[in-house]
There are 2 protein chains.
Amino acid sequence: MNNACSQHAHPHRLVQQPLTELTDRLRASSRKVTGQRQAILDVLRRHASPLTNRQIHDALGKADCDLATIYRNMHTLTEMGLVKRFDFGDGSARFELVTDESNHHHHHLVCNRCAIIVEVEDCFPPEYETELARRHGFASVSHRLEFFGLCPRCQKEPAAEPPPPGNAAPASTGATPVLPQQQKRGRKPAKVAP
Amino acid sequence: MNNACSQHAHPHRLVQQPLTELTDRLRASSRKVTGQRQAILDVLRRHASPLTNRQIHDALGKADCDLATIYRNMHTLTEMGLVKRFDFGDGSARFELVTDESNHHHHHLVCNRCAIIVEVEDCFPPEYETELARRHGFASVSHRLEFFGLCPRCQKEPAAEPPPPGNAAPASTGATPVLPQQQKRGRKPAKVAP
DNA sequence: CAAGTCCTGCAATCGGTTTGCAGTCCCGTC
DNA sequence: GACGGGACTGCAAACCGATTGCAGGACTTG
């Protein structure tokens, strides 16, 4: 019993809906319908905004599915077109379930302070892209577009953390805004002599 | 002599132009005009498209400036508005010098195969963003927009590597395209018993 | 030119991601 | 329903971009 889900009696408990489409598409490509895959999709189904691998891992219960398995499956599912991958530039990929409703072209508006994510419809007309491709001789042109700003709640917030001047995107020149990252990296402090 | 640049007799050789603006702006914020900073800006000045920290390091000659110093300085220079940070989603940040000519709002068109970068002017009208901000109650809204496709040269190429189906961005749904990454990660193979 | 800061190189470390390996599970077949 | 092979998983090692403590060196100011 190495398959983590099987450490629990009923890994399939996590699945709430019939997954006929998943089943069909997996089998069609000679892949297998595992409890982990169903559970991952189920987590995504319950969340409106895109999740990181770690968030999926946490939501699943860490014992139910190894993080590496999630990484591997997000690749597979992205390849199969069951999920979409987004990147908000904070260092971790995010994934969103592809459903009939979400399959349309859309982007996101992300709060620079609290990282809340709002789905938005706004985009330029597709002719722009066609023309761009033609002008530069590129083929199969796609784009990535994300919006960043300060959400209503964070605007009222009395600036818990001092507003980093870099985040405000002083002049919109197309440069990449920076999401909040309160990480502790680097070397640990040396131990003091006793 | 720990300052790497000074291991060479004339680190300042790398500097080709007077850097009065850099000097003024650095001193104005009680920072220092170091050979490394001048050299970094000089590298950026000689390159049209955005460079990664590693590319800057390579261009400088690895002995001339430590990679960590480059990371630190790119932060500083970005904060000061002397360079702009871009992110094409391939896992490493890229930096472009802010000059009078490049200070205008612009984006990039990146080849999914060879990663060549073309600067493009195309963007939606600013009213879009204003309206978006108003509708969702967000403030200081900015955006990140990059285009991906297959450059003219790579279209003719007889597909040296089998064209990864994922990269073609099959239907443009706003999802993040994936840049080529031929990395070797993960665990090393176990040594076979002799 | 001396003192105070700011910076740098070095190396350790972090978070995100990938991968080899061996054991497990899924599923078509008998 | 048992069987077998290929797909998949957990585990842990390893990789990568990036960050940071520390001690010594470089810039500035006076």
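The model shown is predicted, which means the values in this text are computed figures rather than measured ones.
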Can you find a side chain N or O atom of B/Arg31 that sits less than 4.0 Å from OP1 or OP2 on C/dC7?
no

The answer to which of A/Ile70 and B/Arg85 contacts DNA chain D further toward the 5' end, by nearest nucleotide, is A/Ile70

Separation of C/dC25 atom P from A/Leu26 atom CG, nearest Å, is 18 Å

Atom CG of A/Asp90 and atom C1' of D/dA18 are separated, to the nearest Å, by 14 Å

Taken to the nearest whole Å, OH/A/Tyr71 to P/D/dT9 is 16 Å

Next on the checklist: Looking at B/Lys62 and B/Asp58, is there a salt bridge between them, counting it only when a charged N and a carboxylate O are closer than 4.0 Å?
Outcome noted: yes

Give a yes or no on whether the ring-centroid distance for A/Phe124 and B/Phe147 is below 6.0 angstrom. yes

Distance test, side-chain N/O of B/Gln36 to OP1/OP2 of D/dA26, below 4.0 Å = no

Closest of D/dG10, D/dC8, C/dC27 to the A/Cys65 side chain is D/dG10

Side-chain atoms of B/Arg72 come closest, of D/dT9, D/dT28, D/dC22, to D/dC22

Review point. Does A/Arg54 make a side-chain N or O approach to OP1 or OP2 of C/dG15 shorter than 4.0 Å?
Key: no

Atom NE2 of B/His75 and atom P of D/dA18 are separated, to the nearest Å, by 8 Å

(Q) Check this for me: does any side-chain nitrogen of one of B/Arg31 and B/Glu79 sit under 4.0 Å from a carboxylate oxygen of the other? (A) yes

Separation of C/dC6 atom P from B/Arg27 atom CZ, nearest Å, is 15 Å

What one should report as the nearest heavy-atom pair of A/His143 and A/Cys123 is NE2-SG, 3.4 Å

Of B/Ala68 and A/Asn53, the one whose closest nucleotide on DNA chain C sits nearer the 5' end is B/Ala68

Whether A/Arg135 and B/Glu121 form a salt bridge (side-chain N of Lys/Arg under 4.0 Å from carboxylate O of Asp/Glu) is what I want to check. no

Rounded to whole Å, CG of B/Asp66 lies from P of D/dG25 at a distance of 16 Å

(message) Is there a side-chain contact between A/Thr34 and the phosphate of D/dT9, meaning an N or O under 4.0 Å from OP1 or OP2?
(response) yes

For nucleotides 1-5 of chain D, give me every protein contact, N/O to N/O, under 3.5 Å, one pair per line with atom names.
{"unit_1": "D/dG5", "atom_1": "N2", "unit_2": "A/Lys32", "atom_2": "NZ", "d": "3.3"}

Atom CG of A/Leu67 and atom C1' of D/dA14 are separated, to the nearest Å, by 15 Å

Side-chain atoms of B/Thr69 come closest, of C/dT8, C/dC7, D/dT9, to C/dT8

- Message: Ring-plane angle category for B/His106 and B/Phe86, please: parallel below 30°, perpendicular beyond 60°, tilted otherwise.
- Response: tilted

What one should report as the nearest heavy-atom pair of B/Arg113 and B/Cys154 is CG-SG, 3.5 Å

